[in-house]
Amino acid sequence: MALKASELVVGDTHSESLVQDLKRTQLVQYAGASGDYNPLHTDELYTREVAGYPSVFAHGMLTMGMTGAMLARYVGDGRLTKFGVRFTAQVWPGDDLQATATVESLREEDGVSLVDLKVSTTNQNGSEVLSGYAVARVDP
Amino acid sequence: MAAERFPVEASHIMMFARSVYDDNPVYYDAEYAAGTEAGAIIAPPTFMQAAAQFDPAWPLRPRINQPWFGSGANPSGIDPDTKSENGGNAGTLHAEQHFEYHRHPRVGDVLCATVLPGRTWEKEGRRAGKLIFNETITEYRDQGGELAVTVRGVGVRTERPATQNQE
């Protein structure tokens, strides 16, 4: 299911809950799948005693990956042309994350209809943990 | 270093999609995927990150009989005062990541990564002290030499742990 430019309006939003009560086990899953075994994400002893953080925390790319899943569900499989983010705060075990895409503009480039989206992921306190943009091909 | 040969495989995509809580069948059900616009199992949006699995020099993977900075008998397997290849990564955090999809890789593709020089810049942070940003641009080309995905990442090295928002 792809989006249609004719049915989109600037300011439209799409929001999804990404995860509730983020588990350390999911960080282990992401480490294994991505190959990023930095102990900061899975090794509580190292992270507290050597690195000086209060606990392990999520890979930024896990938050981006979950946010990307929301985007692909919204715009359709294989429709993204760009997706970029800044990681603005850390995500900790126990966090609830909510991601929102907001339509910023609709345009045509070389005869292809595109939508520009603003992307934001926030935690249970309303703090933004990821801020970014996406561009997707849409049907006319 | 980078992945010179990154085979895009179905079981890897399935595990990666599971790890980001993505249950879209286009990432694990070949029959379903064949009936979608994508036409086949495709890579999820951030899957290029998993190229690390195929980078022989990737520093964030323990190696047989090599020192590793994570805990074992001690909180770290490396004396924190010793500078070593695997000892200095904990102070580096991920600041930005950008993907540009020329096409979405699919199962069966074999990608090759080329790393292009990126910029380096500094900033004074409020909580974490001096911040040193370092950009890396990686181009993933398919078996036909066509550009599939361009990835731009920005890492930041901090003087102190950054436990709040990064500036």
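In what follows, chains carry the letters A, B, and so on, assigned in the order in which the sequence lines appear, proteins first and then strands, with residues in each chain numbered from 1.
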The test is side chain to side chain contact (heavy atoms under 4.5 Å, CB included); show your working for A:Val135 and B:Glu100 and say whether it passes.
CA-CA 9 Å; A:Val135 183; B:Glu100 186 174 357; over 6 Å; no
Quick check: closest heavy atoms across [X] and [Y], and the distance to 0.1 Å?
| X | Y | value |
| --- | --- | --- |
| B:Pro75 | A:Glu49 | CG-OE1, 3.3 Å |
| B:Ser19 | A:Tyr30 | OG-CD1, 3.4 Å |
| A:Pro39 | B:Phe69 | CD-CZ, 3.3 Å |
| B:Ser71 | A:Leu45 | CB-CD2, 3.7 Å |
| A:Gly78 | B:Ile42 | N-CD1, 3.6 Å |
| B:Pro45 | A:Gly68 | CG-O, 3.7 Å |

[X], part contacting chain A, at a heavy-atom distance under 4.5 Å:
| X | result |
| --- | --- |
| B:Glu37 | side chain |
| B:Arg18 | both |
| B:Tyr27 | side chain |

[Y] reachable from [X] in the ILVMFWY side-chain graph, under 4.5 Å edges:
| X | Y | answer |
| --- | --- | --- |
| B:Phe16 | B:Tyr32 | yes |
| B:Leu131 | B:Trp121 | yes |
| B:Val107 | B:Tyr101 | yes |
| B:Val151 | A:Met64 | yes |
| B:Ile78 | A:Leu40 | yes |

Quick one: [atom1] on [X] to [atom2] on [Y], what's the gap to the nearest 0.5 Å?
| X | Y | atom1 | atom2 | answer |
| --- | --- | --- | --- | --- |
| B:Asn24 | A:Arg73 | CG | CZ | 7.5 Å |
| B:Trp58 | A:Tyr37 | CH2 | OH | 11.0 Å |
| A:Ser34 | B:Met48 | OG | CE | 13.0 Å |
| A:Ser131 | B:Glu96 | OG | CD | 9.5 Å |
| A:His59 | B:Leu60 | NE2 | CG | 8.5 Å |

Beyond-backbone contact of B:Leu93 with A:Phe57, side-chain heavy atoms, under 4.5 angstrom
yes
Could you tell me if the side chain of A:Met61 sits less than 4.5 Å from the side chain of B:Val20, heavy atoms only?
no
Greatest number of heavy atom pairs closer than 4.5 Å to chain A - which of B:His102, B:Arg106, B:Gln49, B:Met15
B:Gln49
Heavy atoms of other groups near B:Arg5 CZ, more than 12 under 6.0 Å
no
Those residues at least two apart in sequence (or on a different chain) that pass side chain to side chain donor-acceptor pair (under 3.5 Å) with B:Thr120 are B:Asn134
Examine whether an atom of A:Asp36 lies under 4.5 Å from a heavy atom of chain B, and if so say whether it belongs to the side chain, the backbone or both; otherwise answer neither.
both
Tell me, for A:Leu18 versus chain B, whether the close heavy atoms (under 4.5 Å) come from the side chain, the backbone, both or neither.
backbone
Any donor and acceptor pair, going by atom type alone, linking the side chain of B:Gln97 with main-chain N or O of A:Arg86 inside 3.5 Å?
no
Can you check whether A:Phe83's main-chain N or O pairs, donor with acceptor, with B:His98's side chain at less than 3.5 Å?
no
Could you tabulate the donor-acceptor pairs under 3.5 Å formed by side-chain atoms of residues 4-15 of chain A, not counting sequence neighbours?
residue	atom	partner	partner atom	Å
A:Asp12	OD2	A:Val9	N	2.9
A:His14	NE2	A:Glu16	OE2	2.9
A:Ser15	OG	A:Gln98	NE2	3.1
A:Ser15	OG	A:Ala99	O	3.3
A:Ser15	OG	A:Thr100	OG1	2.9

So which of A:Gly84, A:Ala134, A:Gly32 has the largest heavy-atom pair count under 4.5 angstrom toward chain B?
A:Gly84
Parallel, tilted or perpendicular: which fits the ring planes of A:Phe87 and B:His94, with parallel below 30° and perpendicular above 60°?
tilted
Going through the checks in order, is the side chain to side chain contact (heavy atoms under 4.5 Å, CB included) test met by B:Tyr21 and A:Gln29?
CA-CA 10 Å; B:Tyr21 278 16; A:Gln29 269 185 290; 4.1 Å; yes
